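Notes to accompany the following structure.
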Amino acid sequence: MSKTDWKGIHSVLVTPFAQDGSIDFKRFAELSEVNIANGANGLVVCGSTGEFYTMTVQERIDLFEATVKASNGRVPVIAGVSDLRTKVVEELCAAAKAAGCDGILALPPIYAKPDLRETAQFYRRIAAVTDLPLMLYNSPARMGVNLTPDFVASLADIPNVVAIKDSSADIQQITELCAKVKDKLAVFVGYETMIRSTLPVGCSGVVAMAHQLSGKLVRSYYDACQHGDTAMADKLEPALFDIYRCFKAGSFYAGIKAVMNELDQPVGIPREPLLPFSDQQQATVRSILETGKVRETIKQAG
């Protein structure tokens with residue numbers, strides 16, 4: 001039996017910035033509300049999509065508090081606590097608890113490329129300093145370490161390790177992962193484009209990037225895949241894949257904001273080192289959205 005009831009769509013929020021580069025907390029609250037209204041089962045704050053790597057510790061703490069306030073107990077709030085320095089991760093865990101967050105999401109130490117022995121030590125240390133439920137995070141392309149199914153299974157005995165987000169994009173690995181741990185941990189896939197292939201093998205849900213910008217498209221697609229409504233999934237899927245194609249027109253996290261701005265959902269520009277999409281990149285986004293009639297599909301979905 002899984003140690004948590006986390007499931008469905010957990011939307012990882014972008015962080016909107018004002019023209020002076022500060023966090024636009026008013027807009028952030030609006031985005032949180034939109035996500036919940038459109039069917040999010042949970043909110044993830046200060047994830048990679050939220051550009052946590054550009055923020056001060058205090059800014060992240062302020063966002064933890066803002067998300068808890070916006071959610072007001074309606075859905076779980078999971079705080080991204082990833083950092084290179086273990087002491088900072090521990091500080092963020094304590095802040096997430098104080099803010100009223102329902103759980104934490106942690107990458108292995110960023111940049112350092114720890115091996116699995118070192119990664120295990122990191123997660124066991126973090127789990128020991130907080131009683132918040134912990135979601136492991138596998139992102140081998142960015143971290144340089146792959147949390148294998150056997151490795152994840154070896155951490156499943158830790159009482160407050162309750163879930164994993166797997167962004168390996170490897171259906172064979174995710175299938176094996178579910179076979180080994182789905183009765184203990186909630187397995188979340190990291191991309192909405194894999195919902196259809198991973199729900200049948202035992203995934204509990206998706207940590208979603210496109211949900212926040214696509215109305216009820218992802219909610220409707222998820223439900224169609226879950227209930228075997230092939231016709232509806234076939235209808236909505238091309239627009240979802242087009243949105244992901246837009247993300248890849250430049251730097252991925254800058255791309256999410258580029259799509260939102262193009263869809264008249266202003267969120268400002270990313271913080272450096274990322275840059276806003278160039279005119280050419282933005283034109284590519286516009287062309288993909290128009291050619292695929294993505295706006296029309298979003299309207300039809302909700």
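Worth saying up front: this structure is predicted, and the values here are computed from it rather than measured.
Proximity of I269 to L274: side-chain heavy atoms (C-beta onward) are nowhere separated by under 4.5 Å. Side-chain contact check for F151 versus V145: every heavy-atom pair is 4.5 Å or farther apart. Proximity of H211 to Y222: side-chain heavy atoms (C-beta onward) are nowhere separated by under 4.5 Å. Contact annotation: the side chain of T198 approaches that of I171 to within less than 4.5 Å [non-hydrogen atoms, C-beta and beyond]. Side chains of S82 and L105 form no contact here, defined as non-hydrogen atoms less than 4.5 Å apart. Looking at V207 and Y137, their side chains never come closer than 4.5 Å, going by heavy atoms from C-beta outward.
Closest of all the heavy-atom pairs between L185 and V152 is CD1-CG1, 3.7 Å. M55 and C46 make their closest contact through SD-SG, 4.3 Å (heavy atoms, listed as atom of the first residue, atom of the second, distance).
Separation of atoms CD1 (I256) and CG (L13) is listed at 11.0 Å; rounding is to 0.5 Å. The NZ atom of K113 lies 13.5 Å from the CD atom of E118; values are rounded to the nearest 0.5 Å. Here the CG atom belonging to L217 is positioned 10.5 Å from the CD atom belonging to E237, to the nearest 0.5 angstrom.
Taking a cutoff of 4.0 Å between a charged side-chain nitrogen and a carboxylate oxygen, E296 and K299 do not qualify as a salt bridge. Residues D234 and R196 are paired through a salt bridge, judged by an N-O separation under 4.0 Å between the basic side chain and the carboxylate. Classification of K235 and D229 as a salt-bridged pair fails, no side-chain N sitting under 4.0 Å from a carboxylate O.
Under a hydrophobic clustering in which Ile, Leu, Val, Met, Phe, Trp and Tyr are joined whenever their side-chain heavy atoms come within less than 4.5 Å, directly or via other members, F52 and M260 fall into the same cluster. Both L240 and M232 are members of a single hydrophobic cluster when ILVMFWY side chains are connected at heavy-atom separations under 4.5 Å. Residue Y253 is grouped with residue L63 when hydrophobic side chains (ILVMFWY) are merged at heavy-atom distances under 4.5 angstrom, including chains of intermediate members.
For E51 (side chain) and S48 (main-chain N/O), no donor-acceptor pair under 3.5 Å exists by modelled atom type. Put simply, the side chain of N160 gets close to the backbone of L132: a donor and an acceptor are under 3.5 Å apart. With S287 contributing its side chain and A283 its backbone, the two residues share no donor-acceptor pair below 3.5 Å. The closest donor-acceptor contact from the side chain of T15 to the backbone of G50 lies under 3.5 Å.
D157 meets the salt bridge (charged side-chain N to carboxylate O under 4.0 Å, His left out) test with R124; sequence neighbours excluded. Under the rule for a side chain to side chain contact (heavy atoms under 4.5 Å, CB included), the partners of Q173 that lie at least two apart in sequence or sit in another chain are N138, N146, P149, D166, S168, D170.
Aromatic ring centres of F241 and Y244: separated by at least 6.0 Å.
Among L43, L213, V75, the single residue meeting the side-chain contact (heavy atoms from CB on, under 4.5 Å) criterion with N35 is L43.
Note on residues 79-127: no pairs pass ring pair (Phe, Tyr, Trp, His ring centres under 6.0 Å), not counting sequence neighbours.
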